[in-house]
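See below for the structure under consideration.
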Amino acid sequence: DQQVKQNSPSLSVQEGRISILNCDYTNSMFDYFLWYKKYPAEGPTFLISISSIKDKNEDGRFTVFLNKSAKHLSLHIVPSQPGDSAVYFCAASPAMNTGFQKLVFGTGTRLLVSP
Amino acid sequence: DTAVSQTPKYLVTQMGNDKSIKCEQNLGHDTMYWYKQDSKKFLKIMFSYNNKELIINETVPNRFSPKSPDKAHLNLHINSLELGDSAVYFCASSPTGHESYEQYFGPGTRLTVT
């Protein structure tokens, strides 16, 4: 039962253009959403997050949008740079009542930004 | 100054063997995790420890036994290795608290069982 889905396994974008990565989830108990970036032979690194009480969070070139009614979130990268080429994982977590997290990850989208 | 480190980075072994993967974090976090990324690239949580206490155990075969000697270390021991155990195993850590959902990952250990 895949609760977090990234239906596009790959995305190619030209440098300077916008990259839009999408993520859908099924569990209405998810309360917090994160995007991680992963380079080959490295672990995932945290990129940006959003709480369910918000619909947008921005950090520099990265913006995450959340549509709770559609159970959909997206990551926008503007402008895209070749160094952004990596695999991007969407992750979600139910509200932390105990202080411990239980992240559920999507399968990732490989972004290739060409010069 | 690696925040979350794992050893070894690569591990090739035969079916039936017993092996261990070590993880250490120097971030002062209270909670540590083990994840498995299989051939289909699913990254799934296996275990979580908080202050040396097991808090999450996600339907993992009991051939897998995590051990946390102190809150900076979480090791993973696997008995009687099977072909299906081949995967990349990631260790992660996070601070305890209601403010942060971020987890910090190690570089991964690629386990190949032949």
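Proteins come first, then strands; the chains are lettered A, B, ... in the order of their sequence lines, and each starts at number 1. For the numbers below, each heavy atom of this structure counts, side chains included, while hydrogens, waters and symmetry mates do not. Keep in mind the model is a prediction, meaning the values are calculated, not measured.
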Show your working on ring-ring contact (aromatic ring centres under 6.0 Å, His included) between A:Y36 and A:F105 and close with a plain yes or no. CA-CA 9 Å; A:Y36 279 80; A:F105 282 83; 5.6 Å; yes
Flag the pair A:D55 and A:K68 as a salt bridge only when some basic side-chain nitrogen lies within less than 4.0 angstrom of an acidic carboxylate oxygen. no
B:R63 vs B:D85, salt bridge (Lys or Arg N to Asp or Glu O under 4.0 Å): CA-CA, chis, key distance, verdict: CA-CA 10 Å; B:R63 297 183 296 104; B:D85 297 333; 2.8 Å; yes
Does any heavy atom of chain A fall under 4.5 Å from the side chain of B:K44, the backbone, both, or neither of them? neither
Minimum heavy-atom separation for B:S94 to B:Y33, with atom names? OG-OH, 2.7 Å
So, the part of B:Q37 with a heavy atom under 4.5 Å from chain A: the answer is side chain
Under 4.5 Å from any heavy atom of chain B, what part of A:T107 do you find: side chain, backbone, both or neither? both
